[in-house]
Amino acid sequence: MNTRVRERYDAVFKLLFKTTGMLVIAVLGGIFLMLVWNTVAFFIKVSPVDFITGTQWNPSGSQASYGILPLVVSTTLVTIGAMLIAIPLGIGTAAFISEYAGKRLKNFLKPAVEMLAAIPSVAIGFLGIVVVGPGIAALTGQPNGLNALNGAVLLAVMALPTIVTIAEDAINAVPASYREASYGVGANRWQTLVFVTIPAAAPGIIAAIMLGVGRAIGETMTVLMATGNVSAFPKGFFHSVRTITATIAIEMGEVPYQTTHYFALFAIAAVLFLMTLAANLAGEYFVNRFRKYHAA
Amino acid sequence: MTEEKIKLSTQNLNLWFGNKHVLKNINAAFAENKVTALIGPSGCGKSTLLRSFNRMHDLTPDARIEGKLFLESLDLYDKNISVTQVRKRIGMVFQKANPFPKSIYDNINYGLKINDIPQGDRKGIVENALKESYLWEEVKDELNKPATRLSGGQQQRLCIARTVALRPEIILMDEPCSALDPISTLKIEDLIHSLKDKYTIVIVTHNMQQAQRVSDKTIFMYLGDIIEEADTAELFNNPQKELTQNYISGHFG
Ligand SMILES: Nc1ncnc2c1ncn2[C@@H]1O[C@H](COP(=O)(O)OP(=O)(O)O)[C@@H](O)[C@H]1O
Ligand SMILES: [Mg+2]
C-alpha cells in the first residue's frame, strides 16, 4: 500500500469515528432535552413546590395530586436497603476471593459470581414473588412479603456481581509491595487486609459500590414485581412501596398523550436522573479523596 | 580479633521455587552490630536469602525451604513461634520504597498500632524514628501529608523510619538505594552508619563502592551458592577465589 492510499484510509476512519462519536452525543443530548422539555411542560401546570412537598401520588383521582415524596422515599428505602446488604457482602466476598481463597476455589467462585449478572431481572423478580417474599412474610407474620425489604434483598442480589467483580479487581490491583510492607512490620493477614489492602483499593471499591447503587436506583422490573406497588406513603421496610421506576413503568402505558399526568412521568424521571447523578458525583468525590494518597 | 556474637545464621539452607533450586546449601552467619553486605550478580539469590529470614516466602505458595535459620538460638521456622513476632524483630527495607498510601505519620504509626504499642507513646516514637532516619527536619511540619508526595529518597528514609520505630534487632535491606540519586544514596549510607550501633544490618547491594563504604563484612554469592565471605576490606583487596576477583573487578554482573 502506498502512502497516499494509507493517508486516505486514515482520513476515512477519522471521519467515521467522529461521526459515530457525534451521534452518541446527539442521542444523549436529545434524551436530556426531551426530559427537560416535558418536565418544564409539567411545571407549567403543577407548581414545583407542590410536586416536591406533596405526600400523595394519585394522578388518576378526581382530585389529581402529584406529590413525588412517597416515590422518592420508596426508591431511597429500597436502594439503601439493597446497599446495606450488598456492600458488606460484596466487599467481603471480593476480599475472600482475592486474599483467602485458594487457586481452585477462586477459579470456581469468580465465574459463578459473574454468572449471577446474567440472570434476567424478570427471573429475579419471580424469585422475589415465589421465594423471598413468602419467606419474609413467614418470618414477620405478614399476609404477604411484597415490600421494600423484598425489593432490597433482590436488588442486593442483582448489584452483587458488579460490586464483587469490580471490587475484586481493585483489591487484586493493590501492589504486592503494600502487602509486603505491612507483613514486614508484623501485621497478620486480617490486619493487612483491613488496614492496608482495602484502603488502598478504596477508589476502585467505591466505584464498584456506585455502579451497584446506579443499578439499584434504576432497576425497574424486579421492584415492580416484588415490592407491592402500593402508592400510600411508605412506612418502612416491611411495607409495600412504589418506586419511581415502577411508577413510570406502570403508568406510562395507560396515560393519554401530553396530559398533565403524561408530563408528570417525565418530571419524576428527571428526579430519578438527578438522584443517579448525585450518587455518581458523591462516588467521584470519594474516589478523589482516596486518590490523594496514591502515587501520581 | 574480639569475639563477635552471631545474631543471625543459616544451616544447610536450601530453597526451591517450584523445581528451581535457588539457594543451595547455604551456611552463613551474621555478626551482631555489624553491617554485612550481600553481593553477587543479579538472580543469584541475594533477595531470596534475605527474605527467608523474615519469612516473606511464607506468602509464596510454591516456595519450599529445607534446612534451618536461627535468630540467635531461636529457630525461625519452628512451628510454635509467631511469624508476626519474627517480623517485628527482623525488620525489612525493600528495594523499591513502598510507603503505605497513608500520611507520613500514619506510615509509622501503623506498625505501632499493629504491635499494640500504647497510644500515648506513639507520637514520641514516631518523632524519634523520623529523627533517627534523618527525616524529621524535612517533614516535621507536614506529618499529615500523603507519604507518596515525598521524593524517592525521602520515601526510602520513611520506610527505614517505619522499620526502626519498632526497635527490631535486625534490619534487612534489599538494594535500598537502587532507585535513588547519588545524594539520596549518600544520606542513606550515612544513616546506615548511624544505625549500626543499635542494629544488626544485612544489606543487599549491586554497587561495589557502596558495599565497601557501608559494610564490615561481605558475602559474595553466585548462582545460589556462597562463594566467599570475609571482612569487607579483605574481600575486596585480597579475594581468594577467581570468581570473586572477576566479579568485583566488574568482569560480569
Ligand atoms: N517468587 C518467585 N517465584 C519463582 N522464582 C523466583 C521468585 N523469586 C525469585 N525467583 C527466582 O529466583 C532466583 C533468585 O532471585 P533473587 O533472589 O531475586 O536474585 P537477586 O536478588 O540476587 O537478584 C532468580 O532466578 C529468580 O528468577
Ligand atoms: Mg534482588
Side-chain angles (χ1 to χ4, degrees), chain A residues 91 95-110 167 169-208 285-296, chain B residues 47 50-51 53-62 82-104 106-117 144-150 152 155 158-159 161-166 168 171-174:
Chain A
I91 296 179
F96 174 77
I97 291 178
S98 114
E99 305 291 296
Y100 287 90
K103 223 178 194 158
R104 282 176 57 189
L105 191 56
K106 190 172 180 161
N107 285 341
F108 165 76
L109 272 178
K110 266 199 96 162
D169 286 346
I171 291 174
N172 235 340
V174 171
S177 66
Y178 290 169
R179 295 191 184 89
E180 289 190 339
S182 175
Y183 290 122
V185 292
N188 59 27
R189 239 153 106 147
W190 172 250
Q191 291 164 327
T192 301
L193 176 67
V194 173
F195 298 119
V196 175
T197 313
I198 288 184
I205 292 178
I206 291 174
Y285 169 77
F286 283 117
V287 168
N288 283 332
R289 267 191 49 173
F290 275 101
R291 284 241 170 90
K292 184 170 92 164
Y293 288 95
H294 287 273
Chain B
S47 301
L50 202 66
R51 293 160 64 90
F53 287 114
N54 66 343
R55 293 185 49 177
M56 275 296 167
H57 300 306
D58 287 15
L59 310 170
T60 314
D62 64 347
S82 139
V83 62
T84 55
Q85 278 306 306
V86 167
R87 294 192 186 130
K88 183 177 176 246
R89 292 177 69 183
I90 307 181
M92 181 162 219
V93 175
F94 298 83
Q95 179 163 3
K96 187 168 167 283
N98 56 351
F100 298 118
K102 301 174 187 287
S103 71
I104 294 171
D106 283 342
N107 256 276
I108 301 173
N109 193 39
Y110 174 69
L112 305 179
K113 209 167 69 182
I114 290 300
N115 289 288
D116 297 321
I117 307 238
N144 289 319
K145 189 166 104 164
T148 42
R149 300 256 179 88
L150 296 172
Q155 286 189 17
L158 179 63
C159 291
R162 174 173 76 191
T163 305
V164 299
L166 298 174
I171 302 179
L172 309 170
M173 298 183 169
D174 193 353

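Fair warning: this is a prediction, and the values are worked out from it, not measured in the lab.
Using a 4.5 Å cut-off between heavy atoms, B:R55 makes no contact with chain A at all. B:K96 does not touch chain A: none of its heavy atoms, backbone or side chain, sits under 4.5 Å away. With a threshold of 4.5 angstrom between heavy atoms, B:S82 does not approach chain A through any atom at all. Only the side chain of B:R149 has a heavy atom closer than 4.5 Å to any heavy atom of chain A.
Here the OG-CD distance, from A:S177 to B:Q95, works out to 11.5 Å after rounding to the nearest 0.5 Å. We find the CZ-CD distance between B:R87 and A:E180 to be 9.5 Å, quoted to the nearest 0.5 Å. Residue A:T192 holds its OG1 atom at 7.5 Å from CZ of B:F100, rounded to the nearest 0.5 Å.
Annotation: maximal heavy-atom pairing with chain A below 4.5 Å, among B:P99, B:P101, B:P146, occurs at B:P101. In terms of non-hydrogen atom pairs under 4.5 Å with chain A, the most contact-rich of B:V93, B:I114, B:L112, B:D58 is B:I114. Annotation: maximal heavy-atom pairing with chain A below 4.5 Å, among B:L59, B:N115, B:L166, B:N54, occurs at B:L59.
Contact between B:G111 and A:V185 at its shortest, heavy atoms only, is CA-CG2, 4.1 Å.
Counting only distance, with no hydrogens or angles, the side chain of A:N188 and the backbone of B:V83 share no donor-acceptor pair below 3.5 Å.
Other residues, nucleotides and ligands contribute more than 12 heavy atoms inside 6.0 Å of the OH atom of A:Y100.
Here the side chains of A:Y183 and B:M92 are not in contact, with every heavy-atom distance at 4.5 Å or above.
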